[in-house]
**Student:** 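Here you go, one structure.
A, B, ... follow the sequence lines: proteins, then strands. Residue 1 opens every chain. Note that the structure is predicted; figures quoted are calculated from it, not measured.
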Number of protein chains: 2
Amino acid sequence: MPTEALDIPSAPNAQTPLVRKLGAMCLMSQEEIEFLEGLQNHIVDVKKGRDFVEEGEELRATCVIQEGWAIRYILLPNGRRQILSYALPGDIIGLHINFRAHANYSAAALTPLKVATVDPRRILEISQKFPILASGLSWSTAREFAILGDQAVRLGRLSAPQRLAHLMLELWHRLALLDDTDGRWIAMPMTQTELADTLGLSLVHTNRSLKSLREKGWVTVESDAIRLNDVDALMEMSLFNPDHLANFSI
Amino acid sequence: MPTEALDIPSAPNAQTPLVRKLGAMCLMSQEEIEFLEGLQNHIVDVKKGRDFVEEGEELRATCVIQEGWAIRYILLPNGRRQILSYALPGDIIGLHINFRAHANYSAAALTPLKVATVDPRRILEISQKFPILASGLSWSTAREFAILGDQAVRLGRLSAPQRLAHLMLELWHRLALLDDTDGRWIAMPMTQTELADTLGLSLVHTNRSLKSLREKGWVTVESDAIRLNDVDALMEMSLFNPDHLANFSI
DNA sequence: CGGCCAATTGATTAAACTCAATCTGCGTGG
DNA sequence: CCACGCAGATTGAGTTTAATCAATTGGCCG
């Protein structure tokens with residue numbers, strides 16, 4: 001198992017992935033859990049490939065992913081795309097919406113998606129009424145920062161095969177927190193084009209780097225999933241630091 | 001002047017850079033301003049080059065930069081470094097400190113620094129008592145995200161000269177919000193080694209890319225400062241999007 | 001004057017990109 | 001049922017960008 005995080009007992013009766021995720025970090029009261037679950041009762045389906053947040057547009061609602069994966073990305077005027085991060089179940093898009101704030105990135109469904117849309121004013125309500133919950137969201141924010149920071153490290157200071165391995169390990173750890181891994185298999189719903197736009201590489205070079213990890217025997221690739229055959233080797237070669245995703249250690 | 005932000009009247013009697021920064025976004029009451037200023041009365045000096053936050057260490061205090069520049073960075077086991085972002089006066093390091101949270105990046109003084117150290121519990125107090133102030137800090141958080149997102153775009157999808165120009169424009173806009181630019185001159189207190197670690201390049205290639213901007217006449221480089229001679233050309237070639245730093249437009 | 005740090009330049013090597021074909025699996029219409 | 005089209009994956013070949021290695025220069029300070 002990837003981190004000590006899993007030794008911390010989860011929130012009881014956790015139904016939504018957000019409650020499960022926060023439960024790994026902080027001990028919420030039953031009232032807080034119920035409030036948080038109650039927030040997420042308005043569920044919207046988003047078709048695979050569809051944008052549900054568009055850069056520059058005014059944000060109307062805070063979105064909490066219930067099922068499926070999304071990407072946050074920025075499109076450049078020359079047509080190139082940089083995917084900033086993957087949003088998994090329990091992740092929040094638009095947590096920090098302010099008066100007339102405009103989205104500074106787009107978000108799209110990587111797989112068919114179920115999202116809860118929440119009135120941003122109810123988020124402010126949380127910080128006034130539920131201090132534990134508020135600190136849970138604050139932790140979630142700090143974790144998003146750490147994830148984006150690791151993305152910057154990948155893009156700035158790792159080689160192509162390192163970037164790939166590093167990303168796989170990140171996803172493995174994040175999915176493990178949701179109990180969403182089957183041993184060493186993890187879902188990989190993105191195409192190689194999307195992978196390339198995540199890692200700042202060309203499609204061709206992404207393909208070749210993936211091949212090199214396969215040929216070393218470190219990963220097994222299936223359509224829509226990969227298996228991490230040698231986690232130690234992957235961690236060492238990609239310089240992955242698991243503390244960045246479990247900064248609540250001890 | 002870079003953005004429409006400057007047309008919004010600043011907070012009256014703004015003394016600390018944080019109040020000046022937030023004043024550009026939200027209209028705080030006199031009481032809120034005084035509370036925020038009062039928070040920042042414990043000032044610490046940090047010598048140039050010194051780390052004041054170390055990755056992995058437990059964070060004891062929230063730091064608000066009063067004077068000087070800092071860097072947030074991650075050091076890899078192989079000795080390479082990725083600078084994530086620059087912290088300017090008014091920026092906050094450790095806004096989202098939680099119970100026994102450990103820093104997931106280091107921070108060091110790029111210049112001699114004055115920082116206010118704040119008890120993190122007083123941050124929680126803000127969100128409970130001062131809703132406008134809380135939304136201001138939330139905006140500040142969203143802005144930090146946008147800055148780090150732009151950093152990922154630079155690292156992932158821009159060429160070396162584009163990365164340089166893009167970073168200069170970011171700093172120009174951020175300094176303008178603090179009224180800290182002298183026309184088109186901006187401070188550049190970092191060495192080329194630090195610039196290279198910011199942009200994900202080698203020192204030599206950074207030097208050559210800087211030379212190419214100079215030779216095109218777009219920038220003038222002095223020690224510790226540069227002048228943006230042709231902002232339009234820089235914006236076009238680097239695909240810079242000023243909205244990311246002024247997402248409160250209209 | 002010497003030492004040191006930062007900046008600059010030259011030459012070579014390595015990594016990653018681009019262009020151009022295939023190849024493969026899958027669904028669909030004839 | 002099969003040919004066709006299409007999207008995604010794979011491979012080859014040549015080019016470009018950036019890294020590395022190696023000096024050299026410039027400024028500043030003791």
**Student:** Enumerate the side chain to side chain donor-acceptor pair (under 3.5 Å) contacts for residues 210-221 of chain B, please, sequence neighbours excluded, ordered by first and then second residue.
**Tutor:**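 Only B:T220-B:N229 qualify under side chain to side chain donor-acceptor pair (under 3.5 Å).
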**Student:** Using only atom types and a distance under 3.5 Å, with no angle test, would you say the side chain of B:T62 pairs donor to acceptor with the backbone of B:G94?
**Tutor:**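 Checked: pair present.
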**Student:** If a pair satisfies salt bridge (charged side-chain N to carboxylate O under 4.0 Å, His left out) and one of its residues is in residues 70-86 of chain B, list it, with sequence neighbours excluded.
**Tutor:**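 Counting only pairs at least two positions apart or across chains, the salt bridge (charged side-chain N to carboxylate O under 4.0 Å, His left out) contacts touching residues 70-86 of chain B are B:R72-B:E144, B:R81-B:D197.
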**Student:** In whole Å, what is the span from the CD atom of B:Q162 to the P atom of D:dT17?
**Tutor:**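 About 11 Å, once rounded to whole Å.
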**Student:** Mind calculating the distance between CG (B:L164) and C1' (D:dT17) to the nearest angstrom?
**Tutor:**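 B:L164 atom CG is separated from D:dT17 atom C1' by 15 Å.
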**Student:** Give me the distances for all protein-to-nucleotides 18-24 of chain D N/O pairs that come in under 3.5 Å?
**Tutor:**
residue: D:dA18; atom: OP1; partner: B:A160; partner atom: N; Å: 3.1
residue: D:dA18; atom: OP2; partner: B:H205; partner atom: NE2; Å: 3.1
residue: D:dA18; atom: O5'; partner: B:H205; partner atom: NE2; Å: 3.2
residue: D:dA19; atom: OP1; partner: B:S202; partner atom: N; Å: 3.2
residue: D:dA19; atom: OP2; partner: B:S202; partner atom: N; Å: 3.0
residue: D:dA19; atom: OP2; partner: B:S202; partner atom: OG; Å: 3.0

**Student:** Rounded to whole Å, please give me the gap between CG in B:D224 and P in D:dC28.
**Tutor:**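 Whole-Å distance recorded here is 11 Å.
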**Student:** Any heavy-atom pair between the side chains of B:T141 and B:I92 that's under 4.5 Å?
**Tutor:**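 Side-chain contact under 4.5 Å: no.
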**Student:** Starting at atom CD of B:E194, determine the distance to atom P of C:dA6, rounded to an integer number of angstrom.
**Tutor:**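 Roughly 8 Å, once rounded to whole Å.
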**Student:** Taking N or O atoms only and anything under 3.5 Å, show me the protein contacts with nucleotides 3-5 of chain C, one pair per line.
**Tutor:**
none

**Student:** Measure up the A:H173 and A:F240 rings against each other and bin them: parallel (under 30°), tilted (30 to 60°), perpendicular (over 60°).
**Tutor:**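 Tilted, since the angle between the ring planes falls between 30° and 60°.
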**Student:** Rounded to the nearest Å, what distance is computed from the CG atom of residue A:L199 to the P atom of nucleotide C:dC17?
**Tutor:**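 Distance check: A:L199 CG to C:dC17 P gives 10 Å.
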**Student:** With side-chain contact (heavy atoms from CB on, under 4.5 Å) as the criterion, how do A:R157 and B:L76 come out once you've worked through the C-alpha distance, each side chain's angles and the decisive distance to 0.1 Å?
**Tutor:** CA-CA 9 Å; A:R157 284 293 180 235; B:L76 293 171; 3.9 Å; yes
**Student:** Please confirm whether the ring centroid of B:Y105 lies under 6.0 Å from the ring centroid of B:Y73.
**Tutor:**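 No: the rings miss the under 6.0 Å criterion.
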**Student:** OP1 or OP2 of D:dA9 versus the side-chain N and O atoms of A:R214: is any pair under 4.0 Å?
**Tutor:**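 A:R214 to D:dA9 OP1/OP2: no side-chain N or O under 4.0 Å.
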**Student:** Are side-chain heavy atoms of B:T198 and B:Q151 found at a separation under 4.5 Å?
**Tutor:**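 SC-SC contact between B:T198 and B:Q151 confirmed.
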**Student:** Looking at B:N207, I'd like to know whether one of its side-chain N or O atoms comes within less than 4.0 Å of OP1 or OP2 on C:dA7.
**Tutor:**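 False: B:N207 side-chain N/O out of range (4.0 Å or more) of C:dA7 OP1/OP2.
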**Student:** Is there a donor-acceptor pair under 3.5 Å between the side chain of A:R227 and the backbone N or O of A:V219?
**Tutor:**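 Answer holds: no.
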**Student:** Could you pull out the protein-nucleic contacts involving nucleotides 24-26 of chain C (nitrogen or oxygen on both sides, under 3.5 Å)?
**Tutor:**
none

**Student:** When you measure from the side chain of B:S106 to the backbone N and O of B:E55, does any donor-acceptor pair fall under 3.5 Å?
**Tutor:**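 Here the side-chain-to-backbone pair exists.
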**Student:** Does B:K211 have a side-chain nitrogen or oxygen under 4.0 Å from the phosphate oxygens OP1 or OP2 of C:dT8?
**Tutor:**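 The answer is no; no side-chain N or O of B:K211 sits under 4.0 Å from OP1 or OP2.
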**Student:** For B:P112, which residues count as a side-chain contact (heavy atoms from CB on, under 4.5 Å) partner, sequence neighbours excluded?
**Tutor:**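 With sequence neighbours excluded, B:P112 shows a side-chain contact (heavy atoms from CB on, under 4.5 Å) to B:K48, given in chain and number order.
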**Student:** Over how many whole Å does the gap from B:Q192 atom CD to C:dT9 atom C1' extend?
**Tutor:**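 Those two atoms, CD and C1', are 12 Å apart.
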